[in-house]
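Only one structure is covered here, and it is reproduced in the block below.
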Amino acid sequence: MRASSTRQSLQKVALRLFLERGYDTVSVATVAKAAGVSHMTFFRHFPTKESVIVGDLFDPALAAAVAAQPRSWTPLRRTVHGILAAMTSPEAEEELASAEFADRIRLVAETPSLRGAVWASSAATEDALFRALAESGSGVPAARAAAGAVMGAATAILLDWAATPGKGGPSEALTEGLGSLIEASS
C-alpha cells in the first residue's frame with residue numbers, strides 16, 4: 001500500500017472508531033489493527049494519536065495568502081482577507097465541505113482531551129501567519145495580535161459550528177465570523 005493511501009486509510013479507520021466508541025477509549029493499537037497495519041506503521045504516518053484528528057496541512061497556503069494582501073491594510077484586515085481568500089482554493093473548499101472534516105471538528109468539540117492538540121495546532125498556524133505578516137512589513141506587536149485574534153476566532157467559530165447542528169457549513173460560519181472582525185474597521 002502506498003504511503004498516502006496508508007495514511008488516508010488510517011485516518012478513515014481512526015475517525016470511524018473514535019466516532020463509534022469515543023476518542024479516549026480507542027487505542028493506537030486498536031486503530032492499527034483495524035486498518036491492517038502495525039502500530040509502528042501508524043507512528044510512521046502520525047506522530048501522535050491526536051494528529052490523526054487535529055492537524056492543518058494548509059499553513060503554507062494560509063501564510064502565502066495573508067502575505068499577498070495589500071501591505072497598506074492593517075494586519076488584522078490582511079489576515080482575515082488572506083484566510084478567506086485561501087478558503088476559496090479547490091483543495092480548501094473540498095476539505096471544508098467534506099464529511100470527514102465535519103466529523104473531525106465535531107469529535108474535537110465533544111472531546112475535551114483533544115482541546116490541547118487543537119490549541120497547539122492553532123498556535124502553529126498562528127506562528128505561520130505572524131511570520132507572513134512580520135516578513136511583509138507589519139510591526140511585530142500588531143502582527144502577533146492579528147494572527148492570534150484570527151486564529152482564536154477561527155477555532156471558536158469552528159467549535160461553535162460543530163456544537164450547533166443545522167447552522168450551515170463551516171465555510172459559511174468562518175466567512176461570517178471572521179468577516180465580523182473587520183466590518184467595523186472597513
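Given the structure is predicted, the values throughout are model-derived calculations rather than measurements. Side chains included, hydrogens not; waters and symmetry mates left out as well; all remaining heavy atoms used.
Residues that satisfy the side chain to side chain donor-acceptor pair (under 3.5 Å) test with Asp103, not counting sequence neighbours, are absent from this structure. Remark: Ser171 pairs with no residue by the side chain to side chain donor-acceptor pair (under 3.5 Å) rule, at least two apart or across chains. For Thr41, the side chain to side chain contact (heavy atoms under 4.5 Å, CB included) criterion is met by Thr6, Val37, Ser38, Arg44, His45, not counting sequence neighbours. Evaluation of the side chain to side chain donor-acceptor pair (under 3.5 Å) rule for Arg106 yields no partner, not counting sequence neighbours. The side chain to side chain donor-acceptor pair (under 3.5 Å) search around Thr155 returns Ser122, not counting sequence neighbours. Residues satisfying the salt bridge (charged side-chain N to carboxylate O under 4.0 Å, His left out) test with Glu50, not counting sequence neighbours, are none. Checked against side chain to side chain contact (heavy atoms under 4.5 Å, CB included), Pro70 has the following partners two or more places apart in sequence or in another chain: Ser72, Trp73.
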Which atom pairs, donor and acceptor, lie under 3.5 Å between side-chain atoms of residues 60-68 and protein residues at least two apart or in another chain?
none

Show me, pair by pair, the donor-acceptor contacts under 3.5 angstrom made by side chains of residues 10-17, not counting sequence neighbours?
none

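Between Thr30 and Arg21, the shortest heavy-atom distance links the atoms CG2-NH1, 3.4 Å. Between Ala146 and Thr79 the shortest heavy-atom distance is CB-OG1, 3.8 Å. Between Ala154 and Leu178, the shortest heavy-atom distance links the atoms N-CD2, 4.1 Å.
Identified under the ring pair (Phe, Tyr, Trp, His ring centres under 6.0 Å) test for residues 82-141, with sequence neighbours left out: none. Within the structure, side chain to side chain donor-acceptor pair (under 3.5 Å) pairs that include any residue of residues 137-152 comprise Arg78-Ser138, Asp127-Arg144 (at least two apart or interchain). Each ring pair (Phe, Tyr, Trp, His ring centres under 6.0 Å) pair with one or both residues in residues 8-28, not counting sequence neighbours, appears once here: Phe18-Tyr23.
The number of heavy atoms from other shown groups lying within 6.0 Å of CD (Glu20) is above 12.
Using bins of under 30°, 30° to 60° and over 60° for the plane-to-plane angle, the ring pair His39/Phe43 lands in the perpendicular bin.
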